[in-house]
There are 2 protein chains.
Amino acid sequence: MPEGSSPPMGQSLLFLTDEQLRKGIEAMFFAYRGFTADPDRILAQKSYGRAHHRAIHFIHRSPGTTVNNLLSILGVTKQSLNRVLRTLIEDGLVASTVGIRDKRERHLHLTQDGAALERELSDAQRDRMRAAYRAAGPAAVAGFRQVLEAMMDDETRHHYEAMKEKIE
Amino acid sequence: MPEGSSPPMGQSLLFLTDEQLRKGIEAMFFAYRGFTADPDRILAQKSYGRAHHRAIHFIHRSPGTTVNNLLSILGVTKQSLNRVLRTLIEDGLVASTVGIRDKRERHLHLTQDGAALERELSDAQRDRMRAAYRAAGPAAVAGFRQVLEAMMDDETRHHYEAMKEKIE
DNA sequence: CACAATACGTCAGCTTTGTTGACATTCCAA
DNA sequence: TTGGAATGTCAACAAAGCTGACGTATTGTG
């Protein structure tokens with residue numbers, strides 16, 4: 001936090017101008033469109049939506065997760081998630097198995113078909129991400145991640161950090 | 001995960017790993033929630049939604065813009081925009097005036113009330129942005145913007161660039 | 001001038017995805 | 001055994017996107 005401090009305060013606080021912040025806000029808005037564009041196209045063909053993508057993504061990410069856990073990650077109501085989950089289960093993309101230790105819980109897994117769709121979606125999304133990363137370079141990417149993390153709600157960041165530790 | 005690898009390729013391409021890309025994707029998802037959280041809270045009280053926020057933002061940004069222009073910036077249909085615009089005009093937040101050169105066009109401006117809401121919303125959003133920027137520092141912010149710009153669709157980036165030049 | 005194209009508004013209907021509220025079931029744990 | 005937690009389901013509703021069709025100025029063009 002200790003910025004430039006005394007002498008010339010280095011690169012100064014010019015980057016905190018309302019103008020600069022506004023540009024960041026617009027960049028965030030426009031970039032998010034690109035971020036979702038490719039998966040959206042694929043999903044539209046299969047008459048699914050972003051909600052399905054999110055469910056699939058996080059089930060893939062945390063196989064065996066419970067409905068409740070997924071709920072808090074996605075930040076939606078159980079009714080809303082249930083509708084999406086039901087179609088995914090009916091269509092054979094997601095398997096829901098009764099918990100062993102706690103039979104009230106349902107553990108969620110991707111089926112082969114589900115995993116295939118997950119791959120298709122995340123390949124598309126990663127392709128764009130990879131192109132952006134490559135164009136911007138490693139230093140920019142580090143900054144990108146830093147700012148995004150600082151932008152999250154505390155509770156959300158908690159989920160994010162928990163995810164991060166899972167695989168690496 | 002391919003950790004160490006060999007000595008060459010400098011900082012290497014490790015930042016293009018699927019793992020790294022996935023983290024970036026999740027960071028984007030979680031951060032966007034934070035990004036919209038504060039304005040969402042304000043909007044909910046006034047029974048408006050994000051669509052209203054977007055319209056207000058870009059009308060403020062480009063006073064006198066036409067409906068068609070707004071349409072292409074927001075990337076929605078005129079029916080969708082019209083619904084939002086109608087309520088904003090009815091509520092006296094936006095003024096629509098017939099074009100001078102071309103009387104088919106409507107030029108959109110914020111009224112005093114509209115400008116007040118715009119300020120309230122963007123203050124809230126900027127506060128979070130500012131905190132994130134300050135925490136991450138100028139170098140990170142530059143990287144943040146670089147990656148976001150690289151992530152946009154070409155057409156979208158065109159809008160973004162046009163905006164950038166407007167005020168600075 | 002006549003006609004096509006443009007800009008805008010609107011009606012109707014549909015979809016996705018979110019919300020509340022109410023209620024039943026199952027089952028763990030005190 | 002009983003209370004509460006986890007889940008599921010029904011109903012109703014809202015925001016915000018979509019398509020398609022139509023009407024009305026207005027403008028540009030052949």
Side-chain angles (χ1 to χ4, degrees), chain A residues 29 32-33 36-37 39-59 64-91 94-108 121, chain B residues 29 32-33 36-37 39-59 64-91 94-109:
Chain A
F29 169 68
Y32 200 78
R33 272 227 297 258
T36 57
D40 279 356
R41 265 188 288 274
I42 296 172
L43 290 159
Q45 291 173 348
K46 311 196 190 296
S47 58
Y48 288 136
R50 271 184 216 176
H52 300 85
H53 183 189
R54 293 198 276 264
I56 288 174
H57 175 98
F58 286 110
I59 293 172
T65 186
T66 65
V67 173
N68 243 6
N69 184 42
L70 202 50
L71 235 43
S72 78
I73 290 172
L74 295 175
V76 298
T77 60
K78 63 178 176 174
Q79 293 90 332
S80 200
L81 175 59
N82 191 257
R83 182 170 30 201
V84 165
L85 231 37
R86 192 178 358 174
T87 72
L88 290 176
I89 292 170
E90 280 171 5
D91 295 354
V94 167
S96 164
T97 62
V98 173
I100 304 174
R101 277 193 26 184
D102 186 337
K103 291 178 190 166
R104 292 167 301 179
E105 297 180 341
R106 300 291 182 275
H107 296 291
L108 304 169
L121 291 170
Chain B
F29 169 67
Y32 200 79
R33 273 227 295 258
T36 57
D40 279 356
R41 265 187 289 274
I42 295 171
L43 290 159
Q45 290 172 348
K46 311 196 191 298
S47 59
Y48 288 137
R50 271 183 215 176
H52 300 85
H53 184 187
R54 293 199 277 264
I56 287 174
H57 174 98
F58 285 110
I59 291 172
T65 185
T66 65
V67 174
N68 244 5
N69 185 41
L70 201 50
L71 236 43
S72 78
I73 290 171
L74 295 176
V76 298
T77 60
K78 65 174 178 175
Q79 292 91 330
S80 202
L81 175 58
N82 190 257
R83 181 171 33 199
V84 165
L85 230 37
R86 192 174 11 183
T87 73
L88 290 176
I89 292 170
E90 280 170 5
D91 295 354
V94 167
S96 165
T97 62
V98 173
I100 304 174
R101 278 193 26 184
D102 187 335
K103 291 178 192 166
R104 291 169 303 180
E105 296 181 339
R106 299 295 131 86
H107 297 292
L108 304 170
H109 294 269

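Hydrogens, waters and symmetry mates are skipped; everything else that's a heavy atom, side chains included, is used. Lettering of chains follows the sequences in order, A, B, ..., and the numbering in each one begins at 1.
- Rounded to an integer number of Å, the gap from CZ of B/R106 to P of C/dC8 is 8 Å.
- For the atom pair B/E90 CD and B/L85 CG, the distance stands at 10.5 Å (nearest 0.5 Å).
- Under the 3.5 Å distance criterion, the side-chain polar atoms of A/R33 are matched with a main-chain donor or acceptor of B/L74.
- Distance check, rounded to the nearest 0.5 Å: CG of A/N68 to CD of A/E105 gives 7.5 Å.
- A straight line from NZ of A/K78 to C1' of C/dT26 spans 13 Å, rounded to a whole angstrom.
- Positionally, the nearest nucleotide of DNA chain C for B/V67 lies more toward the 5' end than for the other of B/V67 and B/R83.
- The phosphate of D/dC18 (OP1 or OP2) has a side-chain N or O of B/T77 nearer than 4.0 angstrom.
- Aromatic ring orientation, A/H52 versus A/Y48: tilted (interplanar angle from 30° to 60°).
- Annotation: the span from A/N82 atom CG to A/I89 atom CD1 amounts to 7.5 Å, rounded to 0.5 Å.
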Please evaluate residues A/R54 and B/F29 with respect to the criterion side chain to side chain contact (heavy atoms under 4.5 Å, CB included), reporting the C-alpha separation (whole Å), side-chain torsions for both, the decisive distance (0.1 Å), and the verdict. CA-CA 9 Å; A/R54 293 198 276 264; B/F29 169 67; 3.2 Å; yes
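- Partner of B/T66 under the side-chain contact (heavy atoms from CB on, under 4.5 Å) criterion, out of B/R104, B/H107, B/R106: B/H107 alone.
- Separating the CG atom of B/L71 from the C1' atom of D/dA16 is a distance of 14 Å, rounded to the nearest angstrom.
- Contacts between residues 49-57 of chain A and DNA chain C, defined by a heavy-atom separation below 4.0 Å, involve A/G49, A/R50, A/A51, A/H52, A/R54, listed by number.
- Nearest-nucleotide positions on DNA chain C place A/S47 closer to the 5' end than the other of A/V76 and A/S47.
- Ring-plane geometry between B/Y32 and A/Y32 is classed as parallel, the angle between the planes falling under 30 degrees on a 0 to 90 degree scale with a further cut at 60.
- Within residues 97-104 of chain A, the residues that have a heavy atom under 4.0 Å from DNA chain D are, in order of number, A/R104.
- Remark: C1' of D/dA14 and OH of B/Y48 are 16 Å apart, rounded to the nearest angstrom.
- When rounded to the nearest whole Å, the span between CG of A/D40 and P of D/dC18 equals 11 Å.
- We find the CD1-CG distance between A/I59 and A/L70 to be 5.5 Å, quoted to the nearest 0.5 Å.
- When the C1' atom of C/dA7 is taken as reference, atom NE2 of B/H107 falls 11 Å away, rounded to whole Å.
- Look at CG on A/N68: it is 15 Å from C1' on C/dC28, rounded to the nearest Å.
- No donor-acceptor contact under 3.5 Å links the side chain of A/R86 to the base of D/dG8.
- Remark: C1' of D/dA14 and NZ of B/K46 are 19 Å apart, rounded to the nearest angstrom.
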